[in-house]
Amino acid sequence: MKLLVGPVLMLMGLVGCTSAAQMHNGTLTGTVERVWEDGFSINTGDRTVNVDSSDVCGDNTQQSVSVGDELTVEGEFDDGEFDAASMTSPSGEDICSAPEQTQSSATEQTQESAITGTVERVWEDGFSINTGDRTVNVDSWDVCGDNTQQSVSVGDELTVEGEFDDGEFDASAITNTNGENICSAASS
């Protein structure tokens, strides 16, 4: 019996090494299933892979990638996730550019801007809001302090004025569909 176990284990090791070697560099194409500040998970049809997009998007992935997007990602596997070197849409359009360019263009475009959507999750000093094409984390500290959960609920339709900073939207004002201010000051 020992004679059979050795060759089988050796063969399994060779197959595992061959598969790992084939997956180190290359391209993934699939549908985005989840997005976070510096990465996302993509379903390629036969597996779901976590993609580190920090080299392409910095901490602003949520501003350019949404659940359901079809993407092609070029890069390599490293420490259990796929490090993106470039990302494109089905039409060949680049998704994100360099982190520095993404951050500066996002800052320029969102100074004194507003986002509107449905609240999906709430925590003491912030919440996530779905704008219809993406989910954005909102830092509501300047408006609500640590009391966001007392004034904001899942399902609320809100408009948030503010600007993007370090991958999240810093709120300067929050209003409901009636135009009423939500939270009055951080001290309340």
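Below, each value reflects all heavy atoms present in this structure, side chains not excepted, and no hydrogens, waters or symmetry copies.
Contact of the Ile115 side chain with the Val138 side chain is registered, since non-hydrogen atoms from C-beta on lie closer than 4.5 Å. The shortest side-chain heavy-atom distance between Asp142 and Ser172 does not fall under the 4.5 Å cut-off. Residues Phe169 and Val160 have side chains in contact (heavy-atom distance under 4.5 Å, counting atoms from C-beta outward). Val136 is listed as a side-chain neighbour of Phe164, based on a closest heavy-atom distance under 4.5 Å. Residues Thr116 and Leu158 have side chains not in contact (no heavy-atom distance under 4.5 Å, counting atoms from C-beta outward). Here the side chains of Met87 and Cys57 are in contact, with some heavy-atom distance below 4.5 Å. Side-chain contact between Asn50 and Asp52 is absent, with no heavy-atom pair separated by less than 4.5 Å. The shortest distance between side-chain heavy atoms of Thr72 and Thr27 falls below 4.5 Å.
A pairwise comparison of heavy atoms in Ser140 and Thr148 identifies OG-OG1, 2.6 Å as the closest pair. Scanning both residues, Ile42 and Leu28, for their nearest heavy atoms gives CG2-CD1, 4.3 Å. The two atoms that bring Phe40 and Ser53 nearest to each other are CE2-CB, 4.0 Å, heavy atoms only. Nearest heavy-atom pair across Asp55 and Ala84 is CB-O, 3.9 Å. Counting all heavy atoms, side chain and backbone alike, Asn43 lies closest to Gly45 at OD1-N, 2.7 Å. Of all non-hydrogen atoms in Val154 and Val122, the two that sit nearest each other are N-CG2, 4.0 Å.
A donor-acceptor pair shorter than 3.5 Å can be found between the side chains of Glu70 and Thr31. At a cut-off of 3.5 Å, with distance as the only test, no side-chain donor of Gln62 or Thr135 sits close to an acceptor on the other residue.
How far OG of Ser128 is from CZ of Arg121: 5.5 Å, rounded to the nearest 0.5 Å. Rounding to the nearest 0.5 Å gives a distance of 5.0 Å between OG of Ser89 and CD1 of Ile95.
For the pair Asn147 (side chain) and Gln150 (backbone), a donor-acceptor distance under 3.5 Å is absent. Under a 3.5 Å cut-off, the side chain of Ser54 and the backbone N or O of Gly58 do not form any donor-acceptor pair.
Hydrophobic clustering of Ile, Leu, Val, Met, Phe, Trp and Tyr side chains at less than 4.5 Å, counting indirect connections, keeps Ile174 apart from Trp123.
Residues satisfying the side-chain hydrogen bond (donor to acceptor under 3.5 Å, both in side chains) test with Asp46, not counting sequence neighbours, are Thr44.
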Could you go step by step and tell me if Asp156 and Asn176 meet the side chain to side chain contact (heavy atoms under 4.5 Å, CB included) rule? CA-CA 8 Å; Asp156 286 354; Asn176 63 20; over 6 Å; no

